[in-house]
2 protein chains.
Amino acid sequence: MSLSHAILTSLLEKPCTGAELARRFDKSLGHFWQATHQQIYRELGKLEAAALLESEELPTTRGQQRQFRVLGAGRRELEEWCLRECDPRPIRDELLVRMRAAAVLGTVDVTVEMRRHRGLHEATLARYLAIEAADFPAGVPRSRADGLQRSVLLAGIAFEQAWLAWCDEALAEPEEPGTRP
Amino acid sequence: MSLSHAILTSLLEKPCTGAELARRFDKSLGHFWQATHQQIYRELGKLEAAALLESEELPTTRGQQRQFRVLGAGRRELEEWCLRECDPRPIRDELLVRMRAAAVLGTVDVTVEMRRHRGLHEATLARYLAIEAADFPAGVPRSRADGLQRSVLLAGIAFEQAWLAWCDEALAEPEEPGTRP
DNA sequence: CTCCTTTGCGCAACAAGTTGCATAATCGTA
DNA sequence: TACGATTATGCAACTTGTTGCGCAAAGGAG
């Protein structure tokens, strides 16, 4: 049930329409909890039905937009959820499964895909670093909220760096030490 | 569709029954692609229906066990899958969402949960390190397959280390620099 | 003005993952 | 030998996530 709470969080930062929420998700919270627009609309519907949100028609604009706003009950629900325990998710990565498969097959080369992933992680890292430079310039005193937001971003940066370092190490591994049967 | 291929991989390493597969998953491949026993049985059924696997009753033992074995078509499917592209999964962690929520709420303390997560990651890291020490002792020459398996394990180790370092850094962040409104 | 594209919203169907329970056989033990 | 615990298998119902499509309103190009 994290998606609904991620939505509450985002709407609490700023009330907006579903489409805008989806766009904001892509740029910020969605880095750590992805969702398609359909998931978001469905969840918005449920949250409104549960009286944690309210919506208001914006008649003059394109389509028939609805502006969503968090209600008091929604805020309380979010506070409660924040204090509940949640276990970390284990890693889940196809590339790693492929490497195990390649190990048992003995006939496939996964280094191409590893190099491709290295590039993707490099690009993601660059994106995160750009956000950090823009949103959290050095030397400026930060509020508690900013500190938390920055920590979240630093987690993303740390992971991408870990991926990169791992890719480099794994690719540097000697391919055929001659011990193969 | 990674689960079916993870199953093929594991069965290719060694044919076995569904329950044994579930147990082996917990100890090895499952570190990087988790599955419940129901998921596994369902997938085994599909794979057998698709003629990528075959099964044989083991009548003398407890319950009515079935031993599964990968067929040639299964191996070919796995080889093909190994060469297909797969994008890395973005991070998805509740704790990070909670931190964003805490940032906007301003009233909740997430450091308790962060410390708990630190402990969990520490334990996981210890598990991985123990596996590495047991399965890949230093100084012993390794086959290509062993090198790949070790790389996969090193990915797990790198992540848990990244988590730990991040937790320490985030927890060291001054809690209230007085800039809060 | 008409046609095409974009934007906002949402349904429907499906795939993947989770949870709870049911069943049958075997094992250990009292 | 009767009873509870364990092991192996699986059904059913549910939640979550994905994909493809449809529709309506607004804006822009010809």
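Each chain gets a letter, A, B and so on, in the order its sequence line appears, and its residues count up from 1. Just the heavy atoms: all of them, side chains too, but no hydrogens, waters or symmetry mates, feed the values below.
The base of C:dG8 does not come close enough to the side chain of A:Arg23 for any donor and acceptor atom to sit less than 3.5 Å apart. A donor N or O paired with an acceptor N or O is not found under 3.5 Å between the base of C:dG8 and the side-chain atoms of A:Gln65.
Spacing between atom CD1 of B:Ile40 and atom C1' of C:dA16 amounts to 14 Å, rounded to whole angstrom units. Computed from coordinates, the B:Leu44 CG to D:dA8 P distance equals 14 Å when rounded to whole Å. In this structure, CD of A:Gln34 is placed 8 Å from P of D:dT18, rounded to the nearest angstrom. A:Trp33 places its CH2 atom 10 Å from the P atom of D:dT16, with the value rounded to the nearest Å. Distance B:Ile7 CD1 to C:dA16 P: 12 Å, rounded to the nearest Å. In this structure, A:Glu43 places its CD atom 11 Å from P of D:dT15, rounding to the nearest Å. Atom pair A:His37:NE2 and D:dG22:C1' shows a separation of 12 Å (rounding to whole Å applied). Computed from coordinates, the A:Gln38 CD to D:dG17 P distance equals 14 Å when rounded to whole Å.
In the set C:dC9, D:dG17, C:dT18, C:dC9 carries the atom at the smallest distance from any side-chain atom of A:Tyr41. Closest to the side chain of B:Lys46, out of C:dA16, C:dG17, D:dT19, is C:dA16.
At the heavy-atom level, A:Arg66 lies under 4.0 Å from the strands shown only through sugar-phosphate atoms.
Tracing side-chain contacts under 4.5 Å through hydrophobic residues (I, L, V, M, F, W, Y), one reaches B:Leu83 starting from A:Leu105; they form part of the same cluster.
Ring geometry for A:Tyr128 against A:His31 counts as perpendicular: the plane angle is over 60°, on a 0 to 90° scale with 30° as the lower cut. Ring-plane geometry between A:His121 and A:Trp163 is classed as parallel, the angle between the planes falling under 30 degrees on a 0 to 90 degree scale with a further cut at 60.
Residue A:Arg42 places no side-chain N or O under 4.0 Å from the OP1 or OP2 atom of D:dT15.
Classification of A:Glu122 and A:Arg127 as a salt-bridged pair fails, no side-chain N sitting under 4.0 Å from a carboxylate O. Contact check on A:Arg116 versus B:Asp87 returns a salt bridge, with a Lys/Arg side-chain nitrogen under 4.0 Å from an Asp/Glu carboxylate oxygen.
Residue B:Gln67 is the one, among B:Gln67 and B:Arg92, whose nearest nucleotide of DNA chain D lies closer to the 5' end (criterion: closest heavy atom).
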